[in-house]
Asker: 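The structure follows.
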Amino acid sequence: MNSPSPLPFGVIGLGRSGVAAVRFLNAHGQTVLAWDTRKEPTLPVSGLPGVATLDGNPLPATAFLGCQAILLSPGVPRAMPELQPILQAGIPVINDVEWLHDHVRRLNPQAMFIGITGSNGKSTVTTLIGEMLQQQGLATAVGGNLGTPALELFQPEHRAYVLELSSFQLESIAAFRAEISLFLNLTPDHLDRYPDLDAYGEAKRRIHENARPGDRVILNGDDPWLSRDRQACQARGLVVVPFSIQGPMPGGVYAHDGWLIDGRQDSPRPLLPLDRIRIRGAHNQANAAAAAAAALSAGVEAETVATVLATFPGLPHRMEHVRHLDGVDYCNDSKGTNVGATLMSLQSFAPPDAQGGGVVLIAGGRDKKGDFTALAPVAARVVTDAILMGEAANDLAAALVNGPRLHRVQEMTGAVRLARSLAGPGQT
């Protein structure tokens with residue numbers, strides 16, 4: 001990308017990352033061929049000089065065989081049949097994160113990359129790390145799968161790029177390397193795109209595929225699927241920093257005896273009491289430990305880490321307290337888009353008792369082929385009523401049949417109205 005080429009770059013998929021890629025390439029004098037399923041007049045890059053657009057289904061693969069490289073948007077699977085002739089032709093098919101990495105390494109090689117993946121908690125951990133680095137005074141860009149698309153992040157003054165990375169993005173990296181990579185957890189998700197949990201996990205594991213000896217890998221020491229990675233990473237000369245909320249974890253950051261502890265050195269040191277971490281719930285203690293492990297590994301002072309954890313209010317739509325009305329708390333957890341995330345959220349609540357308590361749960365929406373039976377035990381314990389909607393409603397109802405009272409609705413307004421009529425003082 002040093003100088004304009006007569007061969008165009010291809011961009012397949014015009015979501016946020018695809019649009020940012022087209023604009024980035026266009027600003028650097030490259031010609032671009034872009035495609036999306038939406039019709040041409042609605043495409044946000046229509047009319048840019050040097051940008052040709054194609055639309056509709058299926059993807060016209062032959063039109064892209066003359067491209068020098070192709071950016072694949074995360075929402076477009078590499079396994080899509082129409083994409084195979086392009087891959088077989090040997091044309092590089094990468095993504096916006098790869099292109100950002102290439103651009104930064106050439107123009108700003110001293111900058112550091114921190115990459116975060118996992119089934120749950122990515123956005124919270126990404127934001128926490130960014131806050132910690134920024135409060136330490138390091139010029140830091142934060143984005144990727146969260147917020148700002150990767151190719152809108154580049155600035156010459158940035159010294160750190162903190163990127164949330166989905167499995168879809170990691171499918172299409174080539175040389176991307178994060179000096180600090182985090183794999184937070186693995187629970188079933190996106191099984192409408194992957195054949196099984198192992199295939200989903202292997203896509204995420206690519207986050208440290210290009211790591212070099214001395215790079216740091218932050219791994220969840222409490223996750224049985226990830227425990228196998230520790231020895232493999234150490235055998236490659238990588239520095240593994242585990243995190244845990246289940247007790248001491250030598251060489252890592254962990255919760256123990258009411259404190260978050262930095263145990264990376266021979267003499268563990270307390271960071272802050274667990275009850276001072278502003279975001280609540282056991283899963284957020286794990287998020288705090290992961291973020292602390294990454295920030296400390298990047299050179300952030302312990303005092304700065306503790307200050308951020310004590311003041312960070314959390315992200316919208318993630319166990320976000322909306323209001324207290326007529327004795328009932330309303331909580332927006334609409335980013336809990338898989339079974340594991342919802343399970344961790346529900347585990348933050350106490351069962352109902354004589355004073356009230358318990359949860360009225362609104363759940364449903366798109367069915368990503370998750371196993372809802374994992375929700376049954378905790379739902380039976382803390383959920384009094386489950387209001388179900390969307391294409392996942394039938395499977396949810398089957399999984400929860402022996403637990404809370406079940407209700408069906410067609411849309412969200414009706415769900416909230418019903419929830420309000422069902423919830424009593426002390427409930428959420």
Side-chain angles (χ1 to χ4, degrees), residues 1-12 16-34 45 48-51 67-74 91-117 126-127 129-134 136-166 169-170 172-182 206-216 294-295 297-300:
M1 293 188 292
N2 288 317
S3 59
S5 164
L7 294 177
F9 280 82
V11 176
I12 295 179
R16 290 186 308 119
S17 64
V19 169
V22 171
R23 291 176 174 160
F24 177 87
L25 290 164
N26 185 253
H28 286 78
Q30 301 290 356
T31 58
V32 180
L33 176 64
V45 297
L48 284 177
V51 176
C67 292
Q68 59 174 302
I70 289 171
L71 182 141
L72 186 67
S73 293
I91 298 170
V93 178
I94 51 178
N95 64 14
D96 59 335
V97 171
E98 182 74 21
W99 287 11
L100 172 68
H101 178 266
D102 175 75
H103 198 68
V104 171
R105 292 299 188 208
R106 285 187 291 103
L107 300 181
N108 194 11
Q110 73 275 27
M112 169 178 57
F113 280 84
I114 300 176
I116 301 95
T117 198
T126 299
T127 307
I129 296 170
E131 288 284 325
M132 292 168 181
L133 268 62
Q134 288 165 352
Q136 189 66 35
L138 194 67
T140 302
V142 181
N145 190 54
L146 160 76
T148 307
L151 285 171
E152 291 181 7
L153 293 175
F154 177 75
Q155 294 291 338
E157 66 271 17
H158 285 155
R159 293 296 175 265
Y161 290 84
V162 183
L163 302 177
E164 177 184 317
L165 300 171
S166 70
Q169 289 170 307
L170 290 167
S172 295
I173 62 169
F176 173 82
R177 167 191 166 222
E179 286 88 350
I180 301 175
S181 61
L182 294 84
R206 299 195 72 209
I207 194 167
H208 52 69
E209 185 173 277
N210 298 317
R212 300 175 185 173
D215 288 347
R216 278 83 75 205
S297 297
V300 176

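Numbers for residues simply follow the sequence, beginning at 1.
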Asker: Salt-bridged, Glu179 to Arg105, with N to O below 4.0 Å?
Answerer: yes
Asker: For Gly50, does its backbone N or O pair with a side-chain atom of Asn26 as donor and acceptor, under 3.5 Å?
Answerer: no
Asker: Considering all heavy atoms of both residues, which atom of Gln169 and which atom of Asp96 are nearest to each other, and what is their separation?
Answerer: NE2-OD1, 4.2 Å
Asker: Looking only at non-hydrogen atoms, find the nearest pair between Leu133 and Val162 and report the distance.
Answerer: CD2-CG2, 4.2 Å
Asker: Sequence neighbours excluded, which residues qualify as ring-ring contact (aromatic ring centres under 6.0 Å, His included) partners of His208?
Answerer: none
Asker: Side-chain contact, heavy-atom cut-off 4.5 Å: Leu100 with Leu163?
Answerer: yes
Asker: Using modelled atom types and a 3.5 Å cut-off, is there a donor and acceptor pairing between side-chain atoms of Gln136 and backbone atoms of Val300?
Answerer: no
Asker: Among Phe9, Phe154, Phe24, which residue meets the ring pair (Phe, Tyr, Trp, His ring centres under 6.0 Å) test with Trp99?
Answerer: Phe9
Asker: Do you know the tightest heavy-atom contact between Leu182 and Ile114?
Answerer: CD1-CG2, 3.7 Å
Asker: Do any side-chain atoms of residues 140-151 form donor-acceptor pairs under 3.5 angstrom with protein atoms, and if so which ones, sequence neighbours left out?
Answerer:
{"unit_1": "Thr140", "atom_1": "OG1", "unit_2": "Leu138", "atom_2": "O", "d": "2.7"}
{"unit_1": "Asn145", "atom_1": "ND2", "unit_2": "Glu164", "atom_2": "OE2", "d": "2.6"}

Asker: In the structure I gave you, are the side-chain heavy atoms of Leu71 and Leu25 within less than 4.5 Å of one another anywhere?
Answerer: no
Asker: How close do Leu72 and Ser172 get, heavy atom to heavy atom, and via which atoms?
Answerer: CD2-OG, 3.8 Å
Asker: Has Gln30 got a side-chain atom pairing as donor or acceptor with Pro8's backbone, closer than 3.5 angstrom?
Answerer: no
Asker: Look up atom CG in Leu165 and atom CD1 in Ile116, then write down how far apart they are to the nearest 0.5 Å.
Answerer: 7.0 Å
Asker: Whether the side chain of Ser17 engages the backbone of Ser73 through a donor-acceptor N/O pair (distance < 3.5 Å, no angle test) should be reported.
Answerer: no
Asker: So, taking the atom named CZ in Arg16 and the one named CD in Glu152, what distance separates them when rounded to the nearest 0.5 Å?
Answerer: 8.0 Å
Asker: Quick one: pull up CD in Glu209 and CZ in Arg206 and give me the separation to the nearest 0.5 Å.
Answerer: 4.5 Å
Asker: Measuring from atom CZ of Arg177 to atom CD1 of Ile207, what distance do you get when rounded to the nearest 0.5 angstrom?
Answerer: 13.5 Å
Asker: Provide the closest heavy-atom pair for Ile91 versus Ala69 in the form atom of the first, atom of the second, distance.
Answerer: CG2-CA, 4.0 Å
Asker: For the residue pair Gly115 and Ala178, what are the closest heavy atoms and their distance?
Answerer: N-CB, 3.7 Å
Asker: Using the test ring-ring contact (aromatic ring centres under 6.0 Å, His included), find all partners of Phe113 that sit at least two apart in sequence or belong to another chain.
Answerer: His101, Tyr161, Phe176
Asker: Kindly determine whether His103 and Asn108 satisfy side chain to side chain contact (heavy atoms under 4.5 Å, CB included), including the steps that lead there.
Answerer: CA-CA 8 Å; His103 198 68; Asn108 194 11; over 6 Å; no
